[in-house]
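Worksheet: the structure to be examined is printed underneath.
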Amino acid sequence: MNPMQTHFRDLTCGDARREHVGRRLSLAGWVHRRRDLGQLIFLDLRDRYGITQVVVDAQEAPHAHAAAATVRNEFVVRVEGMLAARLPGTENPKLATGEVELRAAEVTILSTARTPAFPINEPDQEADEAVRLRFRYLDLRREPMLRRILARSRLVEAIRAVHHDHGFVEIETPMLIKSTPEGARDFIVPSRLQPGSVYALPQSPQQLKQLLMVSGLDRYFQIARCFRDEDLRGDSQPEFTQLDLEMSFVAEEDVMAFVEAMVIEVSRAVVPERPIQHAPFPRFTHREALDRFGSDKPDLRYGMELHDLGEQARGSGFRVFEETLAGGGRVVGLAAPGMATASRSTVDELTELAKRFGAKGLVSIAIEGSGAVRSPIAKIVGDDRAEAMAVAAGASPGDLVLIVADRDVLAQEVLGRLRVELGARLGLADQEVLAYCWVHRFPMYQWDVENGRWDATHNPFSAPIPEHVELLTTLSGDPSRPSPEDPAGRALAQQYDLALNGWELGGGSVRIHQRDLLERSFSMMGHTLEGMRQKFGALLDAFEYGAPPHGGIALGIDRWAMILTYQTNIREVMAFPKTQSGSDLMLESPSPAEPGQWAELGLRFVGAPKG
RNA sequence: GGACCCGUGGUGUAGCGGCCCAACAUGCCAGCCUGUCACGCUGGAGAUCGCCGGUUCGAAUCCGGUCGGGUCCGCCA
């Protein structure tokens with residue numbers, strides 16, 4: 001029997017085939033479309049499995065015909081009848097069920113429907129997103145949303161299968177945890193039982209998964225909901241889902257090897273038709289990624305790499321270049337293919353963009369098809385030198401070289417962002433390809449100029465690479481007086497990010513599990529162990545009871561699903577997302593608290609409510 | 001916190017100082033139609049142009065504010 005058979009139906013609307021012809025059976029679903037020819041009415045019956053054509057003949061079934069005449073789009077109906085082969089020449093090859101049709105004997109209206117706010121049966125017609133969100137349950141009926149939600153389900157299903165196959169234990173961690181002062185802003189939940197105290201919603205289960213390693217669970221994973229109270233973007237939401245995993249007795253290579261194999265297996269399971277550009281995944285050190293792509297999440301689907309033009313810029317006589325180099329900065333350029341003919345306004349636009357990204361300006365050198373050089377700086381540096389710079393930037397005739405001179409890293413980052421913008425404008429990326437890559441060896445610490453101290457680049461528990469452990473144990477001077485010259489500032493971490501098509505999928509690290517090293521690391525950031533105990537007390541305590549070497553990673557499921565389904569907006573792969581201002585337009589949340597709710601929590605609202 | 005874009009019948013668009021008490025498509029309603037599958041044909045209803053204020057003889061159109069949505073910068077791993 002068909003496993004989808006229920007009280008109301010024998011088959012789904014996607015099941016009926018020639019083999020079922022001659023059977024009397026029932027289907028149930030939404031009326032996708034009605035074609036009323038008078039004595040003959042066709043109903044396209046839809047559910048998430050497909051569409052089956054129902055024929056209602058006034059002669060054959062007068063009662064069913066009368067019912068079908070009152071039916072409208074999106075009514076939910078049950079049709080009982082004989083499944084018949086379609087008349088020769090009337091088959092519909094566009095439908096999987098197109099060779100058959102259900103000849104209605106009975107049509108039962110299970111539910112009527114108002115006219116929907118936007119057409120369900122014409123998904124190509126884009127509706128306003130606010131309307132889609134308000135009527136998300138209708139939007140989810142539409143084929144594109146349905147397809148993406150199903151793809152996401154397959155993604156999570158494949159993730160679970162691979163992890164279970166590899167001995168991972170799936171463990172749920174609490175949603176009401178302790179506020180930690182690091183990272184993003186916490187969502188806070190006031191405690192009723194302990195007035196004045198709050199829980200925080202987890203930004204990630206980071207501490208908990210490390211504690212699970214101390215517990216000896218050895219391999220943990222979770223499809224974990226995470227919360228961050230920051231401003232929203234197309235690729236972010238206040239609540240989002242991570243694949244969170246942690247492994248014991250591992251070195252960096254172990255985690256990366258497992259994750260890479262898992263990612264490949266999952267990708268092939270979810271989108272078998274999409275080629276993975278490189279496997280094994282390319283690996284870049286953080287430094288190399290910045291120097292070559294100006295990004296720690298490079299898009300490898302196209303070249304247009306950055307090139308250091310310091311050698312050519314030195315002694316060029318162009319003051320911006322000279323001063324930048326003298327100040328220890330960088331002059332970097334890239335060659336935009338075929339853009340030599342770009343108009344003045346396009347170049348101006350790119351310059352504005354570069355400024356918005358933090359650069360002081362943008363220098364362009366066009367190599368015309370003839371090989372002639374055209375550049376605002378040509379008369380300062382000379383055609384030969386301009387051409388030499390263009391060549392060094394990898395330009396061919398017809399290309400436009402864009403050059404940014406600024407302090408180290410900023411110059412690359414600005415140009416890296418221009419690279420992404422140009423890649424999009426020029427359509428350089430193959431949309432089918434999945435270009436995964438690793439970026440690793442991040443610096444352990446970043447010098448916080450404003451506060452005059454070192455800060456963890458990622459997780460403060462990330463371990464240095466083995467060769468750099470010594471750097472942490474040989475602090476230059478007084479740890480209470482940090483300096484950007486501290487040798488420990490050069491330490492690289494066993495930290496790895498996974499990027500896909502220019503998006504950061506996620507990142508992780510091997511953690512420090514030794515108390516003395518942890519103490520060193522914390523003191524680098526100007527914290528005492530006591531001070532850190534306030535923030536990470538349980539984990540530090542746990543480390544005194546036998547902690548295995550461990551490491552892990554967290555990958556953004558929403559972002560992954562988004563890329564796998566060719567989207568650029570995370571909302572398109574979430575069933576019930578929020579708007580940029582954090583509202584749920586369907587549920588109309590957030591909503592004002594009842595006065596009694598404040599009181600119960602021992603709180604009083606003092607600010608003026610919005611509006 | 002900041003910059004920019006959008007808001008016109010149910011939906012998608014057009015109109016961007018007077019030809020507009022607003023056009024087109026689709027949807028909706030009614031009628032006709034026995035092989036349609038974006039069915040077809042005929043007829044009809046439906047928008048004070050997000051809201052408030054201003055400029056003007058005259059505002060969907062220009063200006064200011066406001067609300068909602070989006071994109072980006074900052075923020076955020």
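Atom set for the values below is all heavy atoms of this structure, side chains included, hydrogens, waters and symmetry mates excluded. Letters A, B, ... are given to chains in the order of the sequence lines, protein chains preceding strands, and every chain is numbered from 1.
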| Under 4.0 Å: is that the gap between some side-chain N or O of Lys94(A) and OP1 or OP2 of A38(B)? | yes
| request: Find the partner of A23(B): check Watson-Crick (N1-N3 plus N6-O4 or O6-N4) and G-U wobble (N1-O2, O6-N3) distances, both under 3.5 Å, and reply none if neither fits. | output: U13(B)
| query | On a whole-Å scale, what distance lies between the P atoms belonging to C41(B) and U26(B)? | reply | 9 Å
| Watson-Crick or G-U counterpart of G7(B), or none if no pair lies under 3.5 Å | C67(B)
| task | Take atom NE2 of His65(A) and atom P of C32(B), then tell me their distance rounded to the nearest Å. | result | 11 Å
| message | Please give the distance between the P atoms of C24(B) and G15(B) as a whole number of Å. | response | 15 Å
| said: Using atom C1' in both nucleotides, what's the gap between U11(B) and G40(B) to the nearest angstrom? | reply: 23 Å
| field | Note, Leu492(A) side chain near Met444(A) side chain (heavy atom, < 4.5 Å) | value | no
| task | Would you classify Arg103(A) as touching base, sugar-phosphate or nothing, given that sugar-phosphate means primed atoms plus P, OP1 and OP2, and contacts are heavy atoms under 4.0 Å? | result | base
| query | Nearest nucleotide by nearest heavy atom, which residue falls closer to the 5' end of RNA chain B, Pro116(A) or Asp231(A)? | reply | Pro116(A)
| said: Distance check needed: C67(B) C1' versus Arg134(A) CZ, whole Å only. | reply: 12 Å
| task | For Gln580(A), report the nucleic acid contact type (base, sugar-phosphate, nothing); a contact means any heavy atom under 4.0 Å. | result | base
| query | Taking CG from Asn121(A) and C1' from A25(B), how many angstroms apart are they, rounded to a whole number? | reply | 15 Å
| message | What's Asp235(A) touching, base or sugar-phosphate or nothing? Going by heavy atoms closer than 4.0 Å. | response | nothing
| Parallel, tilted or perpendicular: rings of Tyr436(A) and Phe281(A) (30°, 60°) | parallel
| query | Now, which nucleotide makes the Watson-Crick or G-U wobble pair with G44(B), with each of the two distances under 3.5 Å? | reply | C28(B)
| Does G27(B) have OP1 or OP2 sitting under 4.0 Å from an N or O in the side chain of Thr115(A)? | no
| said: Could you tell me how far apart Trp503(A) (CH2) and A77(B) (P) are, to the nearest whole angstrom? | reply: 17 Å
| said: Would Arg417(A) pass as a cation-pi partner of Phe357(A), given that its NZ or CZ must be under 6.0 Å from the six-membered ring centre and within 45 degrees of the axis? | reply: yes
| task | For Arg35(A), report the nucleic acid contact type (base, sugar-phosphate, nothing); a contact means any heavy atom under 4.0 Å. | result | base
| Rounded to whole angstroms, how far apart are CD on Gln39(A) and P on U36(B)? | 16 Å
| U71(B) phosphate, OP1 or OP2, under 4.0 Å from Arg571(A) side-chain N/O | yes
| query | Contact class for Gly89(A) (heavy atom, under 4.0 Å): base, sugar-phosphate, or nothing? | reply | nothing
| query | If the P atom of C28(B) is compared with that of G7(B), how far apart are they to the nearest Å? | reply | 26 Å
| message | Taking only the P atom of each, what is the distance from C19(B) to A59(B) in whole angstrom? | response | 11 Å
| field | C6(B) to C20(B) separation - P atoms, rounded to the nearest Å | value | 25 Å
| task | State which of G69(B), C39(B), U71(B) makes the closest approach to the side chain of Ser583(A). | result | G69(B)
| Which part of the nucleic acid, if any, lies within reach of Thr457(A) when heavy atoms closer than 4.0 Å are counted: base, sugar-phosphate only, or nothing? | base
| task | Nearest-nucleotide wise, let me know which of Asp128(A) and Thr90(A) is further upstream toward the 5' end of RNA chain B. | result | Asp128(A)
| U11(B) base to Glu122(A) side chain: any donor-acceptor pair below 3.5 Å? | no
| query | Counting only distance, no hydrogens or angles, is the base of G35(B) paired donor-acceptor with the side chain of Glu91(A) under 3.5 Å? | reply | no
| field | Distance in angstrom units between Leu102(A) CG and U36(B) P, rounded | value | 19 Å
| remark: Of C37(B), C72(B), G69(B), the nucleotide closest to the side chain of Arg356(A) is C72(B)
| ring centroid sep under 5.5 Å plus plane angle under 30, Phe42(A) with U36(B) | yes
| Got a donor-acceptor contact below 3.5 angstrom from the Arg152(A) side chain to the Val573(A) backbone? | yes
| Separation of G1(B) P from Leu232(A) CG (nearest whole Å) | 14 Å
| request: Return the nearest nucleotide to the side chain of Arg233(A); candidates are G35(B), C39(B), G74(B). | output: G74(B)
| field | OH (Tyr199(A)) with more than 12 external heavy atoms under 6.0 Å | value | no
| Which of these nucleotides, G70(B), G35(B), C29(B), is closest to any side-chain atom of Arg72(A)? | C29(B)
| query | Distance-only, no hydrogens or angles: does the Glu91(A) side chain make a donor-acceptor pair with backbone N or O of Gly89(A) under 3.5 Å? | reply | yes
| query | Checking all strands, does Leu585(A) fall into the base, sugar-phosphate, or nothing category for heavy-atom contacts under 4.0 angstrom? | reply | sugar-phosphate
| said: Can you classify the ring geometry of Phe522(A) versus Phe536(A) as parallel (below 30°), tilted (30 to 60°) or perpendicular (above 60°)? | reply: parallel
| request: Answer yes or no: are there more than 12 heavy-atom neighbours, outside Arg407(A) itself, under 6.0 Å from its atom CZ? | output: no
| Is Asp36(A) side chain donor-acceptor paired with the C39(B) base, going by distance under 3.5 Å alone? | no
| said: If you only use heavy atoms from C-beta on, which nucleotide in A30(B), G69(B), C37(B) is closest to the side chain of Ala130(A)? | reply: G69(B)
| said: Strictly below 4.0 Å: does Arg33(A) bring a side-chain N or O up to OP1 or OP2 of C39(B)? | reply: yes
| message | If you count heavy atoms of other groups shown closer than 6.0 angstrom to NZ of Lys297(A), is the number above 12? | response | no
| query | Over how many whole Å does the gap from Arg34(A) atom CZ to G27(B) atom C1' extend? | reply | 13 Å
| request: Would you tell me if any nitrogen or oxygen in the side chain of Asn569(A) comes within less than 4.0 Å of OP1 or OP2 on G70(B)? | output: no
| task | Write down the distance separating the C1' atoms in G27(B) and C67(B), rounded off to the nearest Å. | result | 28 Å
| P-based separation of A60(B) from U66(B) [nearest Å] | 23 Å
| request: Could you go through the ring-ring contact (aromatic ring centres under 6.0 Å, His included) check for Phe258(A) and Phe221(A) one step at a time? | output: CA-CA 13 Å; Phe258(A) 167 73; Phe221(A) 87 103; 9.2 Å; no
| request: Identify which nucleotide among A77(B), C75(B), A38(B) has an atom closest to any side-chain atom of His458(A), counting heavy atoms from C-beta outward. | output: A77(B)
| query | Nearest of A77(B), U34(B), G70(B) to any side-chain atom of Arg228(A)? | reply | A77(B)
| task | When you get a sec, tell me which of U11(B), C37(B), U71(B) is the closest nucleotide to the side chain of Ala127(A)? | result | U11(B)
| field | Distance-only donor-acceptor test (3.5 Å): side chain Arg86(A), base C37(B) | value | yes
| query | Arg132(A) near the nucleic acid: base, sugar-phosphate alone, or nothing, with a heavy-atom cut-off under 4.0 Å? | reply | nothing
| message | Taking any heavy-atom pair under 4.0 Å as a contact, classify Gln237(A): base, sugar-phosphate, or nothing. | response | nothing
